[in-house]
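Worksheet for the structure shown next.
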Amino acid sequence: VQLQASGGGLVQAGGSLRLSCVASGLTFSGYRMGWFRQAPGKEREFVARINRSGDNPYYGDSVKGRFTISRDNAKNTVYLQMNSLKPEDTAVYYCAATAGIGIRTLPGQYNYWGQGTQVTVSS
């Protein structure tokens, strides 16, 4: 199983980025997908989760109203559209897949992880 995240970069505060994560080696439509992030010296933080059919997204409090998670099962890809970025959004962003049910906000609840993509927001 491979999850390949991309789309990170350096952006000014208030700007936008769109992250992508392409999955292979698993039946993508059978997994809920999530995004997490980890800043230096901090624990991995839940960002967003989307269920298998692409509806009912769920977001962490710090990104609600600014980030949007979506997926394209035909392309085995999950996306994270990030708008109104803030310096505190700076982190390595990881995509992850879970076979479990429920909201799934804890890293230990996910079965597979991507390698991460760096997002840096300058003030």
Side-chain angles (χ1 to χ4, degrees):
V1 175
Q2 282 194 325
L3 302 178
Q4 184 71 39
S6 63
L10 174 64
V11 63
Q12 288 188 331
S16 299
L17 281 175
R18 187 195 196 201
L19 306 184
S20 300
C21 174
V22 180
S24 60
L26 76 170
T27 304
F28 183 72
S29 60
Y31 287 80
R32 287 169 171 80
M33 299 299 296
W35 286 96
F36 288 77
R37 65 187 183 185
Q38 190 165 19
K42 295 189 176 181
E43 293 187 352
R44 195 162 293 192
E45 177 190 12
F46 170 77
V47 174
R49 187 273 291 145
I50 193 166
N51 67 11
R52 291 184 292 253
S53 60
D55 59 0
N56 196 28
Y58 186 82
Y59 298 94
D61 288 341
S62 60
V63 306
K64 280 180 184 176
R66 300 187 297 121
F67 290 11
T68 302
I69 187 172
S70 62
R71 67 188 294 164
D72 185 339
N73 286 345
K75 295 182 178 180
N76 284 7
T77 303
V78 61
Y79 305 97
L80 185 68
Q81 177 66 43
M82 306 185 294
N83 298 329
S84 302
L85 282 161
K86 305 174 182 180
E88 50 264 44
D89 294 318
T90 295
V92 177
Y93 283 71
Y94 299 90
C95 59
T98 178
I101 62 174
I103 295 175
R104 300 272 141 175
T105 62
L106 300 176
Q109 295 173 318
Y110 285 75
N111 305 100
Y112 304 107
W113 290 85
Q115 85 290 357
T117 184
Q118 176 71 47
V119 171
T120 303
V121 184
S122 63
S123 57

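One-based numbering along the sequence shown. Atoms considered below: every heavy atom in the structure, side chains included; atoms not considered: hydrogens, waters and symmetry mates.
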Distance from [X] atom [atom1] to [Y] atom [atom2], nearest 0.5 Å?
| X | Y | atom1 | atom2 | answer |
| --- | --- | --- | --- | --- |
| I69 | M82 | CD1 | CE | 12.0 Å |
| I50 | N56 | CD1 | CG | 9.0 Å |
| T77 | R71 | OG1 | CZ | 10.0 Å |
| Q81 | R18 | CD | CZ | 6.5 Å |

What's the shortest heavy-atom distance between [X] and [Y], and which atoms?
| X | Y | answer |
| --- | --- | --- |
| S123 | A13 | CA-CB, 4.4 Å |
| S84 | S16 | N-OG, 4.4 Å |
| G7 | T117 | N-OG1, 4.1 Å |
| Y93 | L19 | CB-CD1, 3.5 Å |
| Q109 | T98 | O-OG1, 2.8 Å |
| A97 | L26 | CB-CD1, 4.1 Å |

Please check if the side chain of [X] supplies one atom and the backbone of [Y] the other of a donor-acceptor pair under 3.5 Å.
| X | Y | answer |
| --- | --- | --- |
| Q115 | A5 | yes |
| N51 | I101 | no |
| N73 | S29 | no |
| R49 | T105 | no |

Tell me whether [Y] is reachable from [X] by hopping between hydrophobic residues (I, L, V, M, F, W, Y) whose side-chain heavy atoms are closer than 4.5 Å.
| X | Y | result |
| --- | --- | --- |
| L3 | V119 | yes |
| L106 | Y31 | no |
| V78 | Y59 | yes |

Legend entry - SB check D89 K86 (cutoff 4.0 Å):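 Here D89 does not pair with K86 in a salt bridge, since their nearest N and O are not under 4.0 Å apart.
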Inset, instruction - List the steps, then state whether side chain to side chain contact (heavy atoms under 4.5 Å, CB included) holds for V63 with R37. - result: CA-CA 11 Å; V63 306; R37 65 187 183 185; 3.9 Å; yes
Could you tell me if the side chain of [Y] sits less than 4.5 Å from the side chain of [X], heavy atoms only?
| X | Y | answer |
| --- | --- | --- |
| Y79 | D72 | yes |
| S122 | Q12 | yes |
| E43 | Q38 | no |

Inset, instruction - Mark yes when over 12 heavy atoms from residues, nucleotides or ligands other than Q2 sit less than 6.0 Å from its CD; otherwise mark no. - result: no
Legend entry - S62 side chain to E88 side chain, donor-acceptor N/O pair below 3.5 angstrom: no
Legend entry - Given L10, L17, T90, the one that forms side chain to side chain contact (heavy atoms under 4.5 Å, CB included) with V121: T90
Legend entry - Other cluster members, Y58 - Ile/Leu/Val/Met/Phe/Trp/Tyr, side-chain contacts below 4.5 Å: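 When side chains under 4.5 Å apart are linked, the cluster holding Y58 also contains F36, F46, V92, Y94, I103, Y110, W113.
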